[in-house]
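Along the sequence shown, the residues carry numbers beginning at 1.
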Amino acid sequence: QVQLVESGGGSVQAGGSLRLACAASTSTPYCMAWFREVPGKGREGVAAIDSDGDGATSDADSMKGRFSISKDKSKNTLYLEMTNLKPEDTSMYYCAARSVGCDLAMWGTWVPWEYNMWGQGTQVTVSS
């Protein structure tokens, strides 16, 4: 089981940027993703990346064009770069991984119940 530890959350003003990091305890040949908590809806997929390093972000209008995912294999670390942050981005952000690969075009990559490893989360607060 891979241990995941997120960092990089904090409080920023609207329009600002943050980079979240997720340090994995071992090398990560798995599918990895970022989710965030949506009140009343549970966790929604924000971005995902496959074992080859190909990543994608949610096509939801609320996030399109502002977030990007990457990973540094040498550091076993996953990143989420967030720019032009909005108050509605305020949430707890979670790093997730699973022991099978992912197809970024498939819905199963973007739902939380398909992941079996989770970090503790890092809070992002955006003020207007």
Applying salt bridge (charged side-chain N to carboxylate O under 4.0 Å, His left out), name anything that partners Glu37, two or more places apart in sequence or on another chain.
-> Arg43
Pairs in or reaching into residues 97-128: which pass ring pair (Phe, Tyr, Trp, His ring centres under 6.0 Å), with residues at least two apart or in two chains?
-> Phe35-Tyr115, Phe35-Trp118
Taking the side chain as every heavy atom from C-beta outward, state whether Met63 and Glu44 have any atom pair closer than 4.5 Å.
-> yes
Minimum heavy-atom separation for Met117 to Ser99, with atom names?
-> CE-N, 3.8 Å
How many angstroms lie between atom CD1 of Ile69 and atom OG1 of Thr57, to the nearest 0.5 angstrom?
-> 9.0 Å
Step by step, work out the side chain to side chain contact (heavy atoms under 4.5 Å, CB included) result for Ser58 and Val46.
-> CA-CA 5 Å; Ser58 169; Val46 174; 5.6 Å; no
Any donor-acceptor pair under 3.5 Å from Lys73 side chain to Ser51 backbone | yes
What ring pair (Phe, Tyr, Trp, His ring centres under 6.0 Å) pairs are there with at least one residue in residues 56-96, not counting sequence neighbours?
-> none
Which residues share a salt bridge (charged side-chain N to carboxylate O under 4.0 Å, His left out) with Glu6, sequence neighbours left out = none
Check salt bridge (charged side-chain N to carboxylate O under 4.0 Å, His left out) between Asp61 and all other residues, then give those that pass, not counting sequence neighbours.
-> Lys64
Contacts of type salt bridge (charged side-chain N to carboxylate O under 4.0 Å, His left out), residue Arg66, not counting sequence neighbours = Asp89
Does the side chain of Thr90 reach to within under 4.5 Å of the side chain of Gln123, using non-hydrogen atoms?
-> yes
Can you name the residues that form a side-chain contact (heavy atoms from CB on, under 4.5 Å) with Ser68, not counting sequence neighbours?
-> Glu81
List for me each residue that meets side-chain contact (heavy atoms from CB on, under 4.5 Å) alongside Ala23, sequence neighbours excluded, and say none if there are none.
-> Thr77
Leu20 side chain reached by Val124 side chain, heavy atoms, under 4.5 Å | yes
So the disulfide bond (SG atoms under 2.5 Å apart) pairs with at least one residue in residues 72-128 (sequence neighbours excluded) are Cys22-Cys95, Cys31-Cys102
What pair of heavy atoms forms the shortest contact from Ser25 to Gln1, and how long is it?
-> OG-O, 4.4 Å
Any idea which heavy atoms bring Ala48 and Thr109 closest together, and the distance?
-> CB-CG2, 3.5 Å
All heavy atoms of Ser128 vs all of Ala14, minimum pair found to be CA-CB, 4.3 Å
Sequence neighbours left out, what passes side chain to side chain donor-acceptor pair (under 3.5 Å) with Glu88? Give chain and number order.
-> none
Here the pair of heavy atoms bringing Asp50 nearest to Lys71 is O-NZ, 3.1 Å
Find the distance between CD (Gln120) and OG1 (Thr122) and round it off to the nearest 0.5 Å.
-> 7.0 Å
Please step through side chain to side chain contact (heavy atoms under 4.5 Å, CB included) for the pair Met32 and Leu4, ending with a clear verdict.
-> CA-CA 10 Å; Met32 298 188 74; Leu4 305 172; 3.9 Å; yes
side-chain contact (heavy atoms from CB on, under 4.5 Å) filter on Ser11, not counting sequence neighbours, yields Thr125
In Å, rounded to the nearest 0.5 Å, how long is the span from CZ of Arg19 to OG1 of Thr83?
-> 13.5 Å
Taking only residues two or more places apart in sequence or in another chain, which ones pass side-chain contact (heavy atoms from CB on, under 4.5 Å) with Gln13?
-> Ser127
